[in-house]
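Just so it is clear, the model here is predicted, and its values are computed rather than measured.
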Amino acid sequence: MNLINKIKNHQTLELLEESNKITLALHGDKITLERAIFLSWWCDKGDCAFCYMSAQKSKIKEPDKARRQVESVLAEAELTRRMGWNVEFLSGGYGSFDTHEVKNIAQKIYSITGKPVWLNLGITNELEEYGNEIAGITGAVEVANPELHKKICPSKSLEDIIEMLELAGDLGFKKSITIILGLGETPEDVKYMWDIIDDVGIDRVTFYSLNPHKDTIYENSPQPASLYYAGVVAATRIKFPSLEIITGTWLDNLANIGPLLLAGANGLTKFPLFKMYGTRYGKRVEEEVMWAGRKLEGTFTDLEALQTGNIPDKNLEPFIKRYVDKCIK
């Protein structure tokens, strides 16, 4: 029986058993914590049906004021370094920062963390300006069924995303896509995602479950079932054993973590970091990782680690202090 049929026929435990063996054999038992750092809450396009920014666009009269201060972004990068987390990617809406500004931010983060940065900033052909500060380029595919994609992300064509990723590969950057489950796709639609992974040579996939936002068409939609989510991830791990897989979950779905790790996740993302760090919720993340038989790189509870480190730029000190105070409170 093929993998898609196993998802459809609720053979999730069988998929998890196989995916777990593959993951431990090829990737080991280490799990990373990932932090997507947002640059802005404004998006020129602002028409993705599920997106928080689409609900905010009409409310934002001065887009420049929706940009984050660069010092705040760099302070967040410093805190991820202290906690032993990775910067998953820099993210933000269209039209917020130009290529030169993004490059400058990425260079500063690289100097703080010692690791090149992934970008997830929309479709662009302005990639040649980037250098060693960039690890890879992410295409926000979200839903890979072409007809569904046109309805949900009308201003982000799959063809343009794929063209950007192919250019990124030609320039020596790694390639990644994001996928959101719960947008109305079916198990059969997994094949469209797999085709992109195969044809484009994708290095990393970040899976999210739908997080229904107020004032979007998904406001009253349920999040995808945990075993469906785990089944899709497990089938993808079995299909692509070497693929890096990051999975996202939210505060109200921390119980997803264990199954997702067994399904093949290498890293965890999408946490409201400063609401969770050092709390019982952060401890729950660590417990989920432990009971899945994995070892966490970094910490979600160590307040001393959060407060320990040389400040790379004294201008960042008040921004770092603000984030630390949030966690301690």
[X] and [Y]: which non-hydrogen atoms are nearest, and at how many Å?
X: Ala235; Y: Ile7; answer: CB-CD1, 3.8 Å
X: Phe89; Y: Thr138; answer: CD2-OG1, 3.9 Å
X: Phe173; Y: Gly136; answer: CB-CA, 4.1 Å
X: Leu26; Y: Pro241; answer: CD1-CB, 3.4 Å
X: Tyr192; Y: Ala144; answer: CB-O, 3.4 Å
X: Ser19; Y: Leu262; answer: OG-O, 2.9 Å

Enclosure of Glu17 CD (heavy-atom neighbours >12, cutoff 6.0 Å): no
Whether [Y] and [X] form a salt bridge (side-chain N of Lys/Arg under 4.0 Å from carboxylate O of Asp/Glu) is what I want to check.
X: Arg322; Y: Glu317; value: no
X: Glu166; Y: Lys175; value: no
X: Asp160; Y: Lys156; value: no
X: Glu78; Y: Arg81; value: yes
X: Glu147; Y: Lys150; value: yes
X: Arg294; Y: Glu288; value: no
X: Glu244; Y: Lys174; value: no

Going by atom types alone, do [X] and [Y] pair a side-chain donor with an acceptor below 3.5 Å?
X: Asp302; Y: Thr299; answer: no
X: Thr269; Y: Glu88; answer: yes
X: Asn86; Y: Glu34; answer: yes

Cation-pi check, [X] onto [Y] ring (under 6.0 Å, within 45° of axis):
X: Arg204; Y: Trp118; result: yes
X: Lys115; Y: Tyr110; result: no
X: Lys103; Y: Tyr130; result: no

Using the rule ring pair (Phe, Tyr, Trp, His ring centres under 6.0 Å), only one of Phe271, Tyr281, Phe274 pairs with Phe300; which is it?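 Only one of Phe271, Tyr281, Phe274 forms a ring pair (Phe, Tyr, Trp, His ring centres under 6.0 Å) with Phe300, namely Phe271.
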Ile246 and Val205, any side-chain heavy atoms less than 4.5 Å apart: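 A side-chain contact under 4.5 Å is absent here.
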Quick one: which of Ile177, Val141, Asn145 gives a side chain to side chain contact (heavy atoms under 4.5 Å, CB included) with Met193?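 For Met193, the side chain to side chain contact (heavy atoms under 4.5 Å, CB included) check succeeds only for Ile177.
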Quick check against the 3.5 Å criterion: does Asn120 have a side-chain atom that pairs as donor or acceptor with the backbone of Leu90?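 No, the answer is negative, given that no donor and acceptor are paired below the 3.5 Å cut-off.
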